[in-house]
Amino acid sequence: MDSTSEATRRDAGVAESARANRGWWDRNADEYQVEHGTFLGDDRFVWCPEGLDEVEAELLGPSEELKDKAILEIGAGAAQCARWLAAQGARPVALDLSHRQLQHALRIGGSFPLVCADAGALPFADGSFDLACSAYGALPFVADPRLVLREVRRVLRPGGRFVFSVTHPIRWAFPDEPGPEGLSVSATYFDRTPYVEQDEEGHAVYVEHHRTLGDRVRDIAASGFRLVDLVEPEWPAWNTSEWGGWSPLRGSLIPGTAIFVCERD
């Protein structure tokens, strides 16, 4: 959190959340890439701080079947996942709300399109993609997840798959701390009031929205998707890294990530 901002819980709508988070990621993209760039790599597809890699997970399907598939990455950041997809012969498009994040994608390089746009208003025609993915992109930060899910469904072809990862909803009840202080419940899991960081004038500069597991499932179904899998990655022994509130200590006891595998009928 910025030293000049204040953390609170209050309502934050679609426009305010988008404006705040676009600004936050533009301001913090450089620091984020310095801090996490080594873990993410330039051309790896990592789903979460636990380190689950698409090479092993194959949540989008076997890598050999990705060739020539049109794939939309939402909340792409520096487009590491899209770069890995391109290496498998896919035709990815990397989309992010933050212009500065996409500048890092340009810095690293790649031959696929980069698009700066809001996930709630995708600038693509109906049925443009075979697959879509989002590794901690967009969904935790939007006030209306169904708006995003319906847009993703619209741009997918029939039978298309959308896989997205978010902070596991149970973490909302615990302090965002990697040590022992992060193991005691400090809030109700059922409070959906957004977490907001705001400036001295009360303007939001960062917003994160909470949905329970049940909320996520209902959002998926109401948006025309079929949930085919819910993955809760366990913390692997090889991963000794801390990433914010994610750590080996917490990861060995409570889930940190939820990955939803959805299909468009």
Side-chain angles (χ1 to χ4, degrees), residues 25 29-30 32-117 119 122-125 127-139 148 151-152 155-157 159-166 228-229 231 233-234 236 238-239 241 243 246 257-264:
W25 284 105
D30 294 359
Y32 178 87
Q33 294 301 330
V34 168
E35 185 175 357
H36 302 299
T38 301
F39 181 85
L40 294 171
D42 286 345
D43 55 0
R44 290 179 62 205
F45 195 135
V46 182
W47 281 108
C48 50
E50 288 85 353
L52 182 67
D53 198 302
E54 178 63 9
V55 171
E56 290 83 31
E58 296 189 334
L59 299 180
L60 292 172
S63 58
E64 63 270 17
E65 295 181 10
L66 299 176
K67 183 176 173 59
D68 296 324
K69 294 286 179 67
I71 306 177
L72 175 62
E73 184 187 6
I74 298 168
Q80 290 94 338
C81 299
R83 209 167 282 108
W84 180 85
L85 290 166
Q88 312 313 306
R91 295 181 289 111
V93 173
L95 179 142
D96 201 281
L97 184 67
S98 166
H99 181 260
R100 185 58 180 166
Q101 284 280 57
L102 292 175
Q103 285 183 317
H104 283 283
L106 280 173
R107 170 181 58 80
I108 298 170
S111 58
F112 47 86
L114 305 175
V115 178
C116 190
L122 296 174
F124 308 109
S128 297
F129 297 95
D130 300 296
L131 300 164
C133 57
S134 185
Y136 274 80
L139 272 302
V148 174
E151 274 292 273
V152 175
V155 303
L156 280 176
R157 297 176 182 129
R161 173 171 286 200
F162 177 39
V163 184
F164 67 93
S165 61
V166 296
V228 298
D229 199 1
V231 181
E234 295 186 42
W238 63 262
N239 189 351
S241 302
W243 181 324
W246 286 264
T257 295
I259 308 176
F260 298 85
V261 183
C262 316
E263 290 186 352
R264 180 200 191 283

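Everything numeric in this text was worked out from a predicted model, so none of it was measured.
- Residues meeting the salt bridge (charged side-chain N to carboxylate O under 4.0 Å, His left out) test with Asp229, sequence neighbours left out: none.
- At least one side-chain heavy atom of Cys133 sits less than 4.5 Å from a side-chain heavy atom of Trp47.
- Remark: Asp130 pairs with Arg157 by the salt bridge (charged side-chain N to carboxylate O under 4.0 Å, His left out) rule, at least two apart or across chains.
- Counting heavy atoms from C-beta outward, Ser63 and Val55 have side chains that stay 4.5 Å or more apart.
- Screening residues 68-94 for salt bridge (Lys or Arg N to Asp or Glu O under 4.0 Å), with sequence neighbours left out, gives no hits.
- In this structure, Ser134 contributes its side chain and Gly75 its backbone to no donor-acceptor pair below 3.5 Å.
- Among residues at least two apart or in separate chains, there is no ring pair (Phe, Tyr, Trp, His ring centres under 6.0 Å) pair with a member in residues 49-82.
- Applying the salt bridge (Lys or Arg N to Asp or Glu O under 4.0 Å) test to residues at least two apart or on different chains, the pairs with a partner in residues 43-60 are Arg44-Asp53.
- Listed here is the closest heavy atom pair of Ala132 and Leu60: O-CD2, 3.9 Å.
- Under the side-chain hydrogen bond (donor to acceptor under 3.5 Å, both in side chains) criterion, Gln88 pairs with no residue at all, not counting sequence neighbours.
- The CG atom of Leu85 sits 13.5 Å away from atom NZ of Lys67, with the distance rounded to the nearest 0.5 Å.
- Note that the OH atom of Tyr136 and the SG atom of Cys81 stand 12.5 Å from one another [nearest 0.5 Å].
- The side chain to side chain contact (heavy atoms under 4.5 Å, CB included) check on Leu102 picks up Asp96, Leu114, Cys116, with sequence neighbours excluded.
- Residues meeting the salt bridge (charged side-chain N to carboxylate O under 4.0 Å, His left out) test with Arg161, sequence neighbours left out: Glu263.
- Contact annotation: the side chain of Ser241 approaches that of Phe39 to within less than 4.5 Å [non-hydrogen atoms, C-beta and beyond].
- Looking at residues two or more places apart in sequence or on another chain, you find a ring pair (Phe, Tyr, Trp, His ring centres under 6.0 Å) between Phe164 and Phe162, Phe260.
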* To do: Kindly indicate, with the supporting measurements, whether the criterion side chain to side chain contact (heavy atoms under 4.5 Å, CB included) is fulfilled by Phe124 and Leu72.
  => CA-CA 10 Å; Phe124 308 109; Leu72 175 62; 3.8 Å; yes

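- Leu66 CG to Ile71 CD1: the interatomic distance, rounded to the nearest 0.5 Å, is 5.0 Å.
- Of all the heavy atoms in Gly77 and Ala105, the pair that sits closest is O-CB, 4.1 Å.
- Every ring pair (Phe, Tyr, Trp, His ring centres under 6.0 Å) that His36 has, sequence neighbours left out, goes to Tyr32, Trp243.
- With sequence neighbours left out, Glu35 forms a salt bridge (charged side-chain N to carboxylate O under 4.0 Å, His left out) with no residue at all.
- Shortest non-hydrogen contact noted between Thr257 and Pro49 is OG1-CD, 3.9 Å.
- The shortest heavy-atom contact between Ile108 and Ala78 is CD1-CB, 3.9 Å.
- Between Val228 and the choices Val261, Val163, Leu59, the side-chain contact (heavy atoms from CB on, under 4.5 Å) rule is met once, by Val261.
- Minimum heavy-atom separation, Gln101 to Ala29: OE1-CB, 3.5 Å.
- For the side chain to side chain contact (heavy atoms under 4.5 Å, CB included) test, residues two or more places apart in sequence or in another chain that qualify with Gln103 are His99, Arg100.
- Minimum heavy-atom separation, Leu95 to Pro123: CD1-CD, 4.0 Å.
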